[in-house]
Amino acid sequence: MTYKLSRRDLMIGASSAVAAAALDGLACRYTLASEAIRSARNPAFTVIDRSLRQAVDNGTVAGVVAMAATQKGIVYEDSFGGANVNTGSAMSPDAVFWLLSMTKGITAAVCMQLIEQDKLRLDQLAGEIIPELKSPQVLEGFDAAGRPMLRPAKRPITVRHLLTHTSGFTYPIWSENLVRYEKLTGMPDIAYSKNGAFAAPLEFDPGDRWQYGIGMDCIGKLVEAISDQSLEVYLRENIFAPLGMSNSGFLISSAQKRRVATMHQRQSDGSLKPVPFEMAQRPEFFSGGGGLFGTPRDYMVFLQMLIRGGEFNGARILKPETVASMYENHIGDLQVVEMKTAQPAYSNSFDQFPGMVHKWGLSFDINTQPGANGRSAGSASWAGLPNCYFWLDPVKRVTGAIFTQTLPFYDPGIVKLYGEFERRLYLGLKRA
């Protein structure tokens, strides 16, 4: 089955013997690796196993992978439930996931590489590199006839604005005005990976407030313009190949497609229904904000690189001081706020830290107080639309992630499961 991405209709439209043998070999190797990690890990983590298995049994998830690491290496890895409904394969840390907004941290990392090389500056005007960003327009609303009312922005967009979601660019999933604007003008949604999406107006003047949006897609364009390479090639040469992330990219192979975890949609009765889903495989641009696929094992390598200060397995990706700067508040007195859904089929309204002041770093949500489930104040975190979540605790040097393929985002049961995983992981580490 081939999948088509369509936010308008809920993404519905979601090999040879040599390839099959290669996949069987991969499955065997990864099974042995999982068994080795499981046999060596802390016995206190068996409570995590029970929690994840129960989530499959009670229908919270169809399948789930959870992983965690300290600076010493992987401390927890396991998977439960099914992966692909067409092949009947079991979930595994080597299943292929659509990462969506978990792409943002990787795009931010290559942006920071360019800043280290003095090819880019945080406060540089984005319009100096991408002419289309020179004269942004702000959408003030709609007139009596329903026509959009636009005006020039009061100030230019900087690289920092784009990295921190303070540029004025938004997402239609959490913006009724942008949904209306798309319908009136025919402007394509950013999810279709068409360049016309960059004609989107701002919803506020750059620097005036925080609102989640397409800024990281613009960062991807900046990386391409400066490097004179496609984002696909640049990520492969500067992140994926050095770190050994061989199952990550924008374009998915036939062999990888056999390992794709099926997307599911939560129904009104609480059940899960498989739905076709695939990011554009002939895109007009590679989406630095949400276009990547990858495996949990690959993504955990990236997270371990960050928790170790920019280096992993002998590959230096970023300087320690650069990584430390990514955990800092880069929005000043502005605050991260609740995102209220405009398209409930894709996302619930959400706030990772309700009642807490939280800030934004260079592509991460920063909790200013200790988290309820164990993470330290100053930890970084974010997520992907299909209920994938991760955190990076630079104080305790702990990182963890949970992967599902479930819509809509911020599913209450999965968020609870994520919290239980984090809490039980920290408790287990204390007992070690």
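Exactly one of R259, R258, R297 qualifies for a salt bridge (charged side-chain N to carboxylate O under 4.0 Å, His left out) with D94. That residue is R259. Among L99, T295, V64, V61, the one residue that satisfies the side-chain contact (heavy atoms from CB on, under 4.5 Å) test with F403 is L99.
Put simply, the side chain of P206 does not reach to within 4.5 Å of the side chain of T166, judged on heavy atoms.
In plain terms, the two heavy atoms of S167 and L202 that are nearest each other are O-CD1, 3.5 Å. Taking all atoms of both residues into account, the shortest heavy-atom contact from L231 to G220 is CD2-CA, 3.9 Å. Between Q369 and N367, the closest heavy-atom pair is O-ND2, 2.7 Å.
Side chain of T164 to backbone of R160: a donor-acceptor contact under 3.5 angstrom is found. Between the side chain of E284 and the backbone N or O of N195 there is at least one donor-acceptor pair closer than 3.5 Å. In this structure, S271 contributes its side chain and Q267 its backbone to no donor-acceptor pair below 3.5 Å. With hydrogens and angles ignored, the 3.5 Å screen pairs a side-chain donor or acceptor of Y299 with a backbone N or O of M102. In this structure a side-chain-to-backbone donor-acceptor pair under 3.5 Å is missing from Q211 to F204. Looking only at distances, a side-chain donor or acceptor of K396 sits under 3.5 Å from a matching main-chain atom of G374. Formation of a donor-acceptor pair under 3.5 Å by the E203 side chain with backbone atoms of F169 is not found in this model. At least one donor-acceptor pair closer than 3.5 Å links the side chain of H165 to the backbone N or O of G213.
A salt bridge does not link R180 to E176: none of the charged nitrogens lies less than 4.0 Å from a carboxylate oxygen. With respect to D365 and K359, no salt bridge is recorded, no charged nitrogen being found less than 4.0 Å from a carboxylate O.
Taking the six-membered ring for Trp and the full ring otherwise, the centers of W382 and Y212 sit less than 6.0 Å from each other. Here F198 and F285 bring their ring centres to under 6.0 angstrom of each other.
Side-chain atoms of Q304 and Q71 form no donor-acceptor pair, as typed in the model, at a separation below 3.5 Å. N387 and T404 form no side-chain donor-acceptor contact under 3.5 Å, judged by distance and modelled atom types alone. No side-chain donor from either of S175 and N177 sits under 3.5 Å from a side-chain acceptor of the other.
Note on residues 399-419: pairs passing salt bridge (Lys or Arg N to Asp or Glu O under 4.0 Å), not counting sequence neighbours, are R266-D411. For residues 333-346, there are no salt bridge (Lys or Arg N to Asp or Glu O under 4.0 Å) pairs, not counting sequence neighbours.
Taking the six-membered ring for Trp and thresholds of 30 and 60 degrees, Y76 and F45 have ring planes more than 60 degrees apart, a perpendicular arrangement. Using bins of under 30°, 30° to 60° and over 60° for the plane-to-plane angle, the ring pair F409/W174 lands in the perpendicular bin. Using bins of under 30°, 30° to 60° and over 60° for the plane-to-plane angle, the ring pair Y327/F364 lands in the tilted bin.
Crowding of K194 atom NZ: a count of heavy atoms from other residues, nucleotides or ligands under 6.0 Å not exceeding 12.
For E116, the side-chain hydrogen bond (donor to acceptor under 3.5 Å, both in side chains) partners at least two apart in sequence or on another chain are T322.
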